Amino acid sequence: MCGRYSDEGTTVAELAERFDAQPKLESFAPSANIKPTHTAPVVVMESGRRELRGMQWGLIPAWAKDPKIGYKTFNARAETVAEKPAFRQAFKQQRCLVPARAFYEWLSENGRKGPYLFSLEDNELFAFAGLYDVWTTPGGDPLYSYTIITTTPNDLVERVHNRMPVMLAPQAEAVWLDAKVTDPLALRSLLAPYDASLMAVQRYDGKL
DNA sequence: CCAGACGTTGTT
DNA sequence: GTCTGG
DNA sequence: CCAGACGTTGTT
DNA sequence: GTCTGG
């Protein structure tokens, strides 16, 4: 990852202004540009501040013998994330924000599948609720990786798909990142479908 | 006890 | 690392 | 999803 | 073409 950005209490949306100065802004959206095993900037707390760190999509638990597990851990279900061996440790201690401006879901219509683009109505940057972990490569280097938590869809997304990524409102971002918050129920309550009235959807006809 | 899993979608 | 299934 | 395999026997 | 593994 290139730059280091840190700001105590800064929301992902507020960080967007700085990101906009970066040429890779589009890569923030887990879309055509970011796929499992690709690296993207993720927000974590370090020394009490928000920092950006490049991480590979597909969480590889620290105990993994084979990093290929990351192919199957690009999402974590909100319903079970606190218990699953691959995620529970990260759920307690390694929560992160995954900045994005939009996400895609595919709808099957008359035999054809087409992507729909979901974003905030104001097209602002937002954060997916994520978890990360650090794996040690055979060479002894740390490999950071992350997952995006999914939950049931709101009324808007439900028309297209049976799951949706957890999007955090700005005030929820701080709670999610706060290491002092340990109550599983409090954390779980953040993993809800986003307010559909704040979202927009459009059929996506561009090239993915 | 030991071996094997550990996960989610379904174009993200 | 920890749990589950055999 | 996409990439890659696409086979058999073996202590049956 | 279809299934499986990643």
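Side chains included, hydrogens not; waters and symmetry mates left out as well; all remaining heavy atoms used. Order of the sequence lines fixes the chain letters, A, B, ..., with proteins taken first and strands second; residue numbering starts at 1 for each chain. Predicted model only: the values in this text are computed from it and were never measured.
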K.L.:
Closer than 4.0 Å, any side-chain N/O of A:T73 to the OP1 or OP2 of B:dT9?
P.N.:
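Looking at the OP1 and OP2 atoms of B:dT9, neither is under 4.0 Å from any side-chain N or O of A:T73.
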
K.L.:
Restricting to ring-ring contact (aromatic ring centres under 6.0 Å, His included), what partner residues turn up for A:F87, sequence neighbours left out?
P.N.:
none

K.L.:
To the nearest Å, how far apart are A:Y116 OH and B:dT12 P?
P.N.:
14 Å

K.L.:
Can you tell me which stems DNA chain B forms when a stem means 3 or more consecutive Watson-Crick or G-U pairs under 3.5 Å?
P.N.:
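The stems are B:1-6 with C:1-6.
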
K.L.:
Apply salt bridge (Lys or Arg N to Asp or Glu O under 4.0 Å) to A:D178 and list each qualifying residue two or more places apart in sequence or on a separate chain.
P.N.:
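Applying salt bridge (Lys or Arg N to Asp or Glu O under 4.0 Å) to A:D178 gives A:K180.
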
K.L.:
Expressed as a whole number of angstroms, how long is the span from A:F103:CZ to B:dT9:P?
P.N.:
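Going from CZ in A:F103 over to P in B:dT9 covers 13 Å.
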
K.L.:
According to salt bridge (Lys or Arg N to Asp or Glu O under 4.0 Å), who are the partners of A:R88, at least two apart in sequence or on a separate chain?
P.N.:
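By the salt bridge (Lys or Arg N to Asp or Glu O under 4.0 Å) rule, A:R88 matches no residue at all.
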
K.L.:
When you check the phosphate oxygens OP1 and OP2 of B:dT9, does a side-chain N or O of A:R163 lie under 4.0 Å from one of them?
P.N.:
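So the side-chain polar atoms of A:R163 do come within 4.0 Å of the phosphate oxygens OP1 or OP2 of B:dT9, strictly under.
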
K.L.:
Rounding to an integer number of angstrom, what distance separates B:dT12 and E:dT2 when you compare their C1' atoms?
P.N.:
24 Å

K.L.:
Select base, sugar-phosphate, or nothing to describe what A:D66 touches, counting heavy atoms under 4.0 Å on all strands.
P.N.:
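Contact class for A:D66: none.
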
K.L.:
Which pairs would a plain distance check flag for residues 184-194 of chain A, meaning a side-chain donor or acceptor within less than 3.5 Å of a matching protein atom at least two apart in sequence or in another chain?
P.N.:
unit_1	atom_1	unit_2	atom_2	d
A:R188	NE	A:A78	O	3.2
A:R188	NH1	A:L191	O	3.4
A:S189	OG	A:A186	O	2.6

K.L.:
Would you say B:dT8 has OP1 or OP2 under 4.0 Å from some side-chain N or O of A:T147?
P.N.:
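The answer is no; no side-chain N or O of A:T147 sits under 4.0 Å from OP1 or OP2.
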
K.L.:
For D:dT9 and B:dA3, measure between their C1' atoms and round to the nearest Å.
P.N.:
24 Å

K.L.:
Has A:N162 got a side-chain N or O lying under 4.0 Å from the OP1 or OP2 atom of B:dG10?
P.N.:
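True: A:N162 side-chain N/O within range (under 4.0 Å) of B:dG10 OP1/OP2.
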
K.L.:
For B:dC6 versus E:dC3, give the span between their C1' atoms, rounded off to a whole number of Å.
P.N.:
24 Å

K.L.:
Under 4.0 Å from a heavy atom of chain A: give me the 5'-most and 3'-most nucleotides of DNA chain C that qualify.
P.N.:
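On DNA chain C, the outermost contacted nucleotides are C:dG1 to C:dC3.
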
